[in-house]
Participant: 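For reference, the structure I am asking about is given below.
Numbered from 1 within each chain, the chains take letters A, B, ... in sequence-line order.
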Amino acid sequence: MKKIEAVIRHFKLEEVKDALTKVGVHGMTVTEVRGFGRQKGHKEQYRGAEYTVDFLPKVKIEVVVDNEASRQVIDTIVATARTGQIGDGKVFVTPLDEAVRIRTGETGSESL
Amino acid sequence: MKVRCRSSLVWGVILLAVGPRLAVAQGSSDVAPMPEVNVVGLPEFEKGDVAWMLTSSALVLMMTAPGLALFYGGLVRKKNILGVMMQCVFLMGLMSVVWALWGYSLAFGGESPYFGNLDHICLHGVIPSWDADNGGPVIPASGTVPTSVFMVFQGMFFIITPALIAGAFAERMKFSTMCVFMILWGTFVYCPIAHWVWGEGGWLLDGRFAALDFAGGTVVHISSGVSALVCALLIGKRVGFGQEPMPPHNLTYTCIGAALLWVGWFGFNAGSALAANASAANAFVATHFAAAAGVLGWSVAEWIKIGKPGILGACSGAVAGLVCITPAAGAVTPVQGMILGLAGGLGCYFACTTVKNKFGYDDSLDAFGVHGVGGTIGAVLTGVFATKAVTYSIGEDGTASAARGLLEGDVQQFVNQLIGVAASAGLAIVGTFIILKVLDATMGLRVTEDEEIQGLDLSQHGEEGYIFL
């Protein structure tokens with residue numbers, strides 16, 4: 001199994017979710033995150049005090065899939081979340097040892 | 001409860017139906033026995049004035065909370081929002097009680113030019129009492145309204161003025177010390193200045209140095225704003241000030257608070273006419289247009305200087321315009337009020353950005369930059385623009401009087417305004433300095449560094465503003 005973590009733009013979330021559902025992904029976890037890459041931050045001013053905001057808000061999707069499905073899922077995310085502008089985000093893939101469905105105790109691919 | 005309501009409704013209907021006959025029948029026998037009293041005349045009050053003054057009092061209370069509580073609350077970091085809100089709400093309790101016990105008396109008792117007296121301790125001679133000799137109630141009057149109405153209206157000012165200072169020491173002052181500070185500040189700084197400016201025989205009200213301060217440019221804004229600067233300097237900067245970002249945590253609150261302040265200010269200024277008359281009408285309209293011009297002044301300055309107008313700037317500009325018109329509301333026309341509002345917006349923008357950055361003091365929420373500077377601009381410009389078209393009045397003895405400003409040729413009035421500013425700022429500086437030094441030596445002014453980093457919500461009140469689960 002693989003865990004695929006994708007940091008993407010907020011407004012792409014629905015589109016990515018729909019595309020992943022279509023290629024057979026049954027579940028995912030979404031979190032609000034902040035960070036920076038090449039896009040860098042921006043400046044804010046409050047009554048003359050200037051602050052540089054380095055950490056920009058993004059959405060992180062976590063999906064766990066079978067090894068065979070991972071290539072297609074990654075490609076789907078990249079294709080759907082892309083705008084071509086700096087700040088589109090990144091995808092990180094890690095091997096995953098185990099997964100358990102709490103209700104039934106099923107493990108591995110069965111639990112996904 | 002519901003059942004009771006219904007039964008009384010039924011009785012009402014029955015009474016309507018058989019009322020006249022019943023009344024005749026009851027007339028002779030069933031009348032409830034009245035206590036033995038002589039028929040004494042109750043004082044006549046102007047209903048319109050009483051209604052407007054009660055409404056105004058409620059509006060001014062609304063300025064402290066939720067108005068100022070939200071305005072200030074949004075500007076601090078999220079770990080301190082309850083600290084700021086608690087200061088506002090607790091002062092509504094604390095200052096009200098102090099006002100009833102001795103504050104009102106020290107501000108409005110007696111006819112000395114400099115100090116009030118103790119005649120009205122515990123509201124003696126303010127609230128209704130029973131006159132055994134005449135066998136009737138005594139309801140003290142102030143002009144055309146009961147004195148209790150005047151007292152409670154002024155009491156609302158006694159709440160918001162100290163609450164304004166809280167903007168300077170937000171996010172770091174010890175709550176217990178703040179309570180004692182406010183009692184002492186109200187007693188030894190606010191009450192004397194209020195007496196000078198509004199108390200009978202006050203040296204800034206009558207006589208040689210009579211200064212115009214319609215609704216509290218000196219009493220409220222200069223006194224609180226200048227004291228705020230002394231607080232910021234003596235209490236010191238917040239931990240990390242200048243090194244770490246301290247942006248406002250919720251400008252939506254600040255915006256709601258500013259809007260509530262704008263509305264409440266109609267009570268503050270138009271209520272200061274102490275009647276529902278032409279002066280109140282002028283003050284209301286001038287107040288509105290000054291706030292409007294203040295928004296434009298600050299926003300345009302920001303737009304030109306940093307390229308984008310922000311909501312914080314627009315809100316701050318409204319408040320700056322309102323502060324600026326406060327002393328002038330009963331002395332200038334609404335169009336002149338716009339000039340004052342614009343001057344307030346621009347002047348306070350300059351004070352809160354350039355001046356503050358240059359000197360580096362940590363006036364956390366710009367209590368000095370907005371209230372001290374705006375109040376001073378307003379008080380001085382009142383001496384420039386005051387016009388007899390607005391100030392003309394006929395006194396109780398039938399003689400007409402009218403104050404005029406520099407533009408209408410009265411240099412003395414302008415000088416008196418400067419004297420009023422200097423006197424109130426002077427007492428505010430000296431009084432606040434002494435009180436803070438005493439409290440620093442006895443109770444300590446600040447929370448510990450750990451408590452400050454943790455936030456006042458938890459360290460001072462054991463609560464959190466935002467609990468999301």
Participant: Among Cys352(B), Pro247(B), Gly313(B), which residue forms the greatest number of heavy-atom pairs with chain A at distances under 4.5 Å?
Facilitator: Pro247(B)
Participant: Inspect the surroundings of CZ in Phe36(A) and state if more than 12 heavy atoms from other residues, nucleotides or ligands are less than 6.0 Å away.
Facilitator: no
Participant: NZ/Lys308(B) to CD/Gln45(A) distance, rounded to the nearest 0.5 angstrom?
Facilitator: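 These two atoms lie 9.0 Å from each other.
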Participant: How about Met246(B) and Tyr46(A): do any of their side-chain heavy atoms sit closer than 4.5 Å?
Facilitator: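 No, every pair of side-chain atoms sits at 4.5 Å or beyond.
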Participant: Tell me whether Asp97(A) at atom CG has more than 12 heavy atoms from other residues, nucleotides or ligands lying less than 6.0 Å away.
Facilitator: no
Participant: Counting only heavy atoms from other residues, nucleotides and ligands, does the tally under 6.0 Å from CZ of Arg82(A) exceed 12?
Facilitator: no
Participant: For Lys78(B), does the NZ atom have more than 12 heavy-atom neighbours from other residues, nucleotides or ligands under 6.0 Å away?
Facilitator: no
Participant: Working to the nearest 0.5 angstrom, can you tell me the gap between Asn357(B) CG and Glu50(A) CD?
Facilitator: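 Between Asn357(B) CG and Glu50(A) CD, I get 10.5 Å after rounding to 0.5 Å.
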Participant: Quick one: does any side-chain atom of Arg47(A) pair with a main-chain N or O of Ser316(B) as donor and acceptor, under 3.5 Å?
Facilitator: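 The answer is no, because no donor-acceptor pair under 3.5 Å joins these two groups.
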Participant: Around atom CD of Glu106(A), are there more than 12 heavy atoms of other residues, nucleotides or ligands at under 6.0 Å?
Facilitator: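 Atom CD in Glu106(A) is packed in, count exceeds 12.
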